[in-house]
Amino acid sequence: MINVRGVTKSFPTRDAGRGIAAVHALREVDVLIGSHEFFTLLGPSGCGKTTLLRLIGGFEMPSSGAILIDGKDVAALPPQKRPVNTVFQNYALFPHMTVAENVAFGLEMCNWAPADIETRVKVTLEMVRLTSFANRKPNQMSGGQQQRVALARALAPKPSVLLLDEPLSALDLKLRKEMQAELKRLQRETGITFVLVTHDQEEALAMSDRIAVMRDGKILQIGSPADIYDNPNCRFVADFIGEANLIPGEVLGRSGALTVAVRPERVSLAAPGDVSDFRSSGTVAAVTFLGLDTLYEVTLKSEIKLRVRSRDRQAMFQPGDAVAVGWPQHVERELQQ
């Protein structure tokens with residue numbers, strides 16, 4: 001559905017010593033996004049993810065490269081000429097209009113017939129479960145309900161692509177979790193290609209079919225959530241996605257350093273006398289109860305993190321306790337090497 005080819009985006013800036021210089025927000029980015037896919041652009045602030053979304057939506061023009069949507073080059077087309085709609089972070093609802101009028105607005109701008117508008121508004125409000133709110137104003141609704149109105153308005157014209165610019169960042173944790181499920185349901189039911197921008201790793205893992213991890217204007221890795229989490233291709237991706245223990249090492253017999261990345265849930269913990277499957281001993285530095293899990297920080301040669309189930313309260317350790325740490329088999333081999 002979306003083909004980004006060699007796209008670079010530069011912004012001019014004034015350098016005190018050199019006059020006008022260029023800041024590269026994106027550097028020769030290539031990415032293919034499939035039809036009916038929930039695709040997420042993930043990365044820290046300033047990595048270029050929002051710039052890429054704005055280029056796809058037509059709010060910015062590329063400095064070089066091509067952007068194709070459904071096989072057509074749209075790089076020079078304004079937003080209203082593209083088969084794309086956008087849900088913004090601040091929702092951008094019209095406060096003087098009712099929910100139904102907000103949803104109908106885009107259809108009116110597209111010159112839909114009044115009867116078709118009425119039918120489509122009804123169908124779309126049913127889709128986001130807001131039928132009974134049709135006559136309310138946005139200020140009479142919660143943040144989550146306003147978010148659904150913004151989604152309904154964007155979905156009403158039946159776009160080929162829906163762009164989502166950190167749409168859940170203003171919601172509280174519980175509501176954000178609910179809306180994650182809603183977004184995934186809507187994407188599955190409509191079959192529209194969703195492209196989400198977020199810096200929230202858990203959000204990306206929960207909703208996406210594929211994730212592109214970005215840094216400094218480049219895409220470092222693209223893959224399924226499980227692939228990105230289990231098989232990061234570089235230190236940055238391993239550290240940015242979820243939690244990871246990054247253990248420095250050196251390849252013996254050859255020059256070169258390496259880093260072993262181990263997820264906290266892959267490391268096991270036991271009393272120091274239980275040495276059957278354990279290779280390292282250490283001391284508990286900190287304990288954080290997280291409900292379902294408990295996070296331990298254990299000091300070995302360096303500090304590592306372990307995440308274990310909290311259900312066995314009798315086996316919980318306290319700061320200062322001596323413990324034995326067990327590594328996954330492949331990690332044990334690498335540490336021995």
Asp200 backbone acceptor or donor facing Glu203 side chain under 3.5 Å: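 No; zero donor-acceptor contacts below 3.5 Å.
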Ring pair (Phe, Tyr, Trp, His ring centres under 6.0 Å) partners of residues 166-189, not counting sequence neighbours, each pair once: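 Every candidate ring pair (Phe, Tyr, Trp, His ring centres under 6.0 Å) pair involving residues 166-189 fails, so no pair, neighbours aside, qualifies.
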Ring pair (Phe, Tyr, Trp, His ring centres under 6.0 Å) pairs, two or more places apart, involving residues 153-209: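 Passing the test, one end in residues 153-209: Phe38-Phe194.
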Can you pull out every side-chain hydrogen bond (donor to acceptor under 3.5 Å, both in side chains) where at least one residue sits in [range]? Sequence neighbours excluded, please.
range: residues 31-42; answer: Glu37-Arg210, Thr40-Ser208
range: residues 63-88; answer: none
range: residues 107-119; answer: none

Not counting sequence neighbours, which residues clear salt bridge (charged side-chain N to carboxylate O under 4.0 Å, His left out) with [X]? List them please.
X: Arg54; result: Glu60
X: Asp165; result: none
X: Lys158; result: none

Whichever hydrophobic residues join Phe59 through chains of side-chain contacts under 4.5 Å: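 Grouped by the 4.5 Å side-chain rule, Phe88 form the rest of the cluster around Phe59.
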Electrostatic pair Asp172:Lys177 at N-O distance under 4.0 angstrom: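 A salt bridge is absent here (no side-chain N lies under 4.0 Å from a carboxylate O).
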Separation of Ile67 CD1 from Met61 CE (nearest 0.5 Å):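 Met61 CE to Ile67 CD1: 8.0 Å, rounded to 0.5 Å.
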Reported CD-to-CG distance for the pair Gln318 and Asp321, which is rounded to 0.5 angstrom: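 That separation rounds to 6.5 Å.
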Would you mind writing out the side-chain donor-acceptor pairs for residues 127-141 within the sub-3.5 Å range, not counting sequence neighbours?
| unit_1 | atom_1 | unit_2 | atom_2 | d |
| --- | --- | --- | --- | --- |
| Arg129 | NH1 | Glu182 | OE2 | 2.9 |
| Gln140 | OE1 | Lys137 | N | 2.8 |

Check residues 283-293 and write down every donor-acceptor pair under 3.5 Å in which the side-chain atom is one partner and the other belongs to a residue at least two apart or another chain.
| unit_1 | atom_1 | unit_2 | atom_2 | d |
| --- | --- | --- | --- | --- |
| Asp293 | OD1 | Arg309 | NH1 | 2.9 |

With a 3.5 Å cut-off and sequence neighbours excluded, list the donor-acceptor pairs that the side chains of residues 233-243 form with protein atoms.
| unit_1 | atom_1 | unit_2 | atom_2 | d |
| --- | --- | --- | --- | --- |
| Asn233 | ND2 | Leu220 | O | 2.8 |
| Arg235 | NH1 | Thr259 | OG1 | 3.0 |
| Glu243 | OE1 | Arg307 | NH2 | 2.8 |

